[in-house]
Amino acid sequence: MPSPNEAVAALLREYSELLGLTGGDQFRVRSYEKAARAVGGYPEDLGALPESALTRVPGVGSSVAAKIAEYRRTGTIKAVDDLRAKVPPGALVLSKVPGVGPKRALQIVGELGITSVGELDEAVRGGRLRGMPGFGPKSEERILRGIAIAASDAALREALGSLAPDATADEICAVLAAHLATPGAGESGPGHGLIRAEDLRGDLHTHTDLTDGTVSLEGMIAAAGARGYEYYAVTDHAPNLVMQRMTDEKVLVQRDQLRALADSTGMVLLHGSELNIAPDGSVDWDEDFLGGFDITVASVHSSFEQDQATMTKRFTVAAQNPRVNIIGHPLTRRIGRRPPVQVDLDALYAACARTGTALEINASPHRMDLPPEHIAAARDAGVKFAIDTDAHSLADLTNVRYGVAAARFGGLTPDDVINCWPLERLLEFLSKS
DNA sequence: GCCGTTTTCGGCCCGACTGTTTTCAGTCG
């Protein structure tokens, strides 16, 4: 059962998508999308907030605030209903199939009369998309892959999505156990010495509004401090993810701001970055510049479809980088949306264990990556882990429960997880010496 | 539609990849 904030966020997101489908101004589309993310990630119940205070949510101005207020009064937003009526049935759901965007969805609905993903699947297999401008064999493959991953992940996604907003790690772990094959290794036995949420001393992968987070540096740090963490890393995106518009100058200014906040918090603040692993395994900055960071997370954000040998080499090069500490969301899957990349897992584990590079257990319920079913084997190969929220909002910080659930499913103890360690041991690990 | 050390306008999420492209539109992160 989603929270009230999620319900409003879903309507704002739908409005944004409908605006996109109807050719609305792209900046308006983005405004609603941003507002949806901000509302969904807002830690207080919007239903309890005074109406005049709604615009305090970053990204919510007078127009969105009025729509939220309308939802609170009536349970609906008329503008959303009106726009729904203007969009051909099926176009919205088709536009979310990977490889099909708004333009192609409208084209498919208009020319073929298709209104569901099932019909799209049949049409592709029947060759009915052939001959439509812009569609070739690659498009067909991609669409079929997208439909397949949605189907294969549907049960897990639905089960995770139907959990209560305050579900515990044990409740989440039960969902994992019901939907995933049980890992082979179980010598620690259920419950004995397994990691608990309270064992985590910090979060090592988080964002701010300097890149695509919704909350300021100060806001994120204050919220992390309230969670009782001993240390906390800020790891905004790096320049090669161009849309994030990160620069050397910006990240250095942020570093100064973070250092200046050190005295205002009981936590040790770590300045980091989420680097982009390029197709050849290199990352955004040279070793000298990277040396200025306390910690780095390196993630794949492009060229997901490399063959296994190339992808394995790519990860190995990244892990061997003396300035890369954590491989972020290693298989880059998004549950129901994007399949895992093809990589030789044994080679990946070996490279991480050999180089002292942690594999991330990304706690976002949309990712769950490293996938829980792989964790035990990675541990057996000598890999250490970082359980990170990859938070883009205040509410995201509470997602650690999902990472802890995955770690428990994989049989991990606090000794396996670097952000359960005392600061000194963590810093030693980060030095890769 | 939101926002402001540029404050009521003007900028904001850019560029790589891909297909079947004939000079570019659509999608994605």
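Keep in mind that this is a model prediction, so the values were computed, not measured. Values reported hereafter were calculated over all heavy atoms of this structure, with side chains retained and with hydrogens, waters and symmetry mates removed.
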Suppose you measure atom [atom1] in [N] against the same atom in [M]; what distance do you get, rounded to whole Å?
N: B:dT22; M: B:dT18; atom1: C1'; answer: 15 Å
N: B:dA16; M: B:dT5; atom1: C1'; answer: 35 Å
N: B:dG4; M: B:dG15; atom1: C1'; answer: 28 Å
N: B:dC12; M: B:dT7; atom1: P; answer: 16 Å
N: B:dT23; M: B:dC28; atom1: P; answer: 25 Å
N: B:dC17; M: B:dG11; atom1: C1'; answer: 27 Å
N: B:dC3; M: B:dT8; atom1: C1'; answer: 11 Å
N: B:dT21; M: B:dG10; atom1: P; answer: 41 Å

Rounded to the nearest angstrom, tell me the gap between atom [atom1] in [X] and atom [atom2] in [N].
X: A:Asp209; N: B:dC12; atom1: CG; atom2: C1'; value: 14 Å
X: A:Asn240; N: B:dG29; atom1: CG; atom2: C1'; value: 13 Å
X: A:Asp25; N: B:dG11; atom1: CG; atom2: P; value: 14 Å
X: A:Gln107; N: B:dG19; atom1: CD; atom2: P; value: 16 Å
X: A:His329; N: B:dG29; atom1: NE2; atom2: P; value: 11 Å
X: A:Gln26; N: B:dG15; atom1: CD; atom2: C1'; value: 14 Å
X: A:Leu210; N: B:dC12; atom1: CG; atom2: C1'; value: 15 Å
X: A:Arg56; N: B:dC2; atom1: CZ; atom2: P; value: 17 Å

message = Less than 3.5 Å apart, any donor N or O on the side chain of A:Asp209 or A:Ser216 sitting next to an acceptor on the other?
response =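 Per modelled atom types, A:Asp209 and A:Ser216 side chains form no pair under 3.5 Å.
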
query = Do you see a donor-acceptor pair shorter than 3.5 Å between the side chains of A:Asp307 and A:Thr310?
reply =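 On atom types as modelled, these side chains qualify, holding a pair under 3.5 Å.
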
Salt bridge (charged side-chain N to carboxylate O under 4.0 Å, His left out) assessment of A:Arg84 paired with A:Glu14 = CA-CA 9 Å; A:Arg84 274 182 194 144; A:Glu14 182 182 354; 2.6 Å; yes

Tell me which pairs pass side-chain hydrogen bond (donor to acceptor under 3.5 Å, both in side chains) where either residue lies in [range], with sequence neighbours left out.
range: residues 257-272 of chain A; answer: A:Gln254-A:His271, A:Arg255-A:His271, A:Arg259-A:Asp294
range: residues 342-352 of chain A; answer: none
range: residues 92-111 of chain A; answer: A:Glu17-A:Lys96
range: residues 350-369 of chain A; answer: A:His205-A:Glu360, A:Thr355-A:Thr357, A:Thr357-A:Lys432, A:Glu360-A:Asn362, A:Asn362-A:Asp390

query = Do any pairs count as a ring-ring contact (aromatic ring centres under 6.0 Å, His included) and have a residue in residues 312-335 of chain A, sequence neighbours left out, and if so which ones?
reply =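 Listed once each, the pairs are A:His301-A:His329.
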
message = Under the ring-ring contact (aromatic ring centres under 6.0 Å, His included) definition, can you give me all pairs with a residue in residues 21-80 of chain A, not counting sequence neighbours?
response =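 Every pair satisfying ring-ring contact (aromatic ring centres under 6.0 Å, His included) with a residue in residues 21-80 of chain A: A:Tyr15-A:Tyr32.
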
Would you mind telling me which of [options] lies closest to the side-chain atoms of [X]?
X: A:Arg338; options: B:dG29, B:dC13, B:dG1; value: B:dG29
X: A:Phe27; options: B:dG1, B:dC28, B:dC13; value: B:dG1
X: A:Ser139; options: B:dC28, B:dG19, B:dC2; value: B:dG19
X: A:Tyr32; options: B:dC28, B:dG1, B:dG29; value: B:dG1

request  = Could you list by number each residue of residues 296-307 of chain A showing a heavy-atom separation from DNA chain B of less than 4.0 Å, or answer none if no residue does?
outcome  =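 When residues 296-307 of chain A is checked for heavy atoms under 4.0 Å from DNA chain B, the hits, listed by number, are A:His301, A:Phe304.
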
ask   = Which residues, if any, of residues 75-86 of chain A bring a heavy atom under 4.0 Å of DNA chain B?
value =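 Nucleic-acid contacts, sorted: none.
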
key: Set of residues satisfying ring-ring contact (aromatic ring centres under 6.0 Å, His included) with respect to A:Phe385, sequence neighbours excluded   =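 A:Phe385 satisfies ring-ring contact (aromatic ring centres under 6.0 Å, His included) with no residue once adjacent residues are dropped.
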
ask   = Between A:Lys86 and A:Asp82, is there a side-chain N and carboxylate O pair less than 4.0 Å apart?
value =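 Answer for the salt bridge query: no.
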
query = Taking 4.0 angstrom as the limit, do A:Glu140 and A:Arg145 come out as a salt bridge?
reply =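 The answer is no: the pair does not qualify as a salt bridge.
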
query = Reckon A:Val64 touches a base, only the sugar-phosphate, or nothing at all at heavy-atom distances under 4.0 Å?
reply =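 Sugar-phosphate, no base atom in range.
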
task = Report yes or no: does A:Asp284 contribute a side-chain atom to a donor-acceptor pair with the main-chain N or O of A:Asn240 at less than 3.5 Å?
result =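 Yes: the side chain of A:Asp284 pairs with the backbone of A:Asn240.
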
key: Main-chain N/O of A:Leu290 paired with A:Arg323 side-chain donor or acceptor, under 3.5 Å   =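 The answer is no, because no donor-acceptor pair under 3.5 Å joins these two groups.
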
ask   = Has A:Lys138 got a side-chain N or O lying under 4.0 Å from the OP1 or OP2 atom of B:dG19?
value =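 Yes, because at least one side-chain N or O of A:Lys138 sits under 4.0 Å from OP1 or OP2 of B:dG19.
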
ask   = Can you tell me if the side-chain N/O atoms of A:Arg245 get under 4.0 Å from OP1 or OP2 in B:dC12?
value =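 It does, given that an N or O in the side chain of A:Arg245 lies less than 4.0 Å from OP1 or OP2 of B:dC12.
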
Heteroatom pairs (N/O) under 3.5 angstrom, protein to nucleotides 3-7 of chain B:
{"unit_1": "B:dC3", "atom_1": "OP1", "unit_2": "A:Gly59", "atom_2": "N", "d": "2.8"}

Scan nucleotides 23-26 of chain B against the protein and return all N/O pairs shorter than 3.5 Å with their distances rounded to 0.1 Å.
none

inquiry  = Closest-nucleotide mapping onto DNA chain B: is A:Arg142 or A:Pro137 further toward the 5' terminus? I mean the 5' end.
reply    =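 Closer to the 5' end of DNA chain B: A:Pro137.
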
query = Looking at residues at least two apart in the chain, or sitting in another chain, which of them share a side chain to side chain contact (heavy atoms under 4.5 Å, CB included) with A:Pro50?
reply =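 In terms of side chain to side chain contact (heavy atoms under 4.5 Å, CB included), with neighbours along the sequence ignored, A:Pro50 is linked to A:Ser52, A:Ala53.
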
inquiry  = Show, in sequence, the C-alpha distance, side-chain angles and deciding distance for A:Leu430 and A:Phe293, and conclude whether the side-chain contact (heavy atoms from CB on, under 4.5 Å) test is met.
reply    = CA-CA 10 Å; A:Leu430 297 179; A:Phe293 290 104; over 6 Å; no

request  = Would you mind pulling out the nucleotide paired to B:dT8, Watson-Crick or G-U wobble, both distances under 3.5 Å?
outcome  =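 No nucleotide pairs with B:dT8.
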
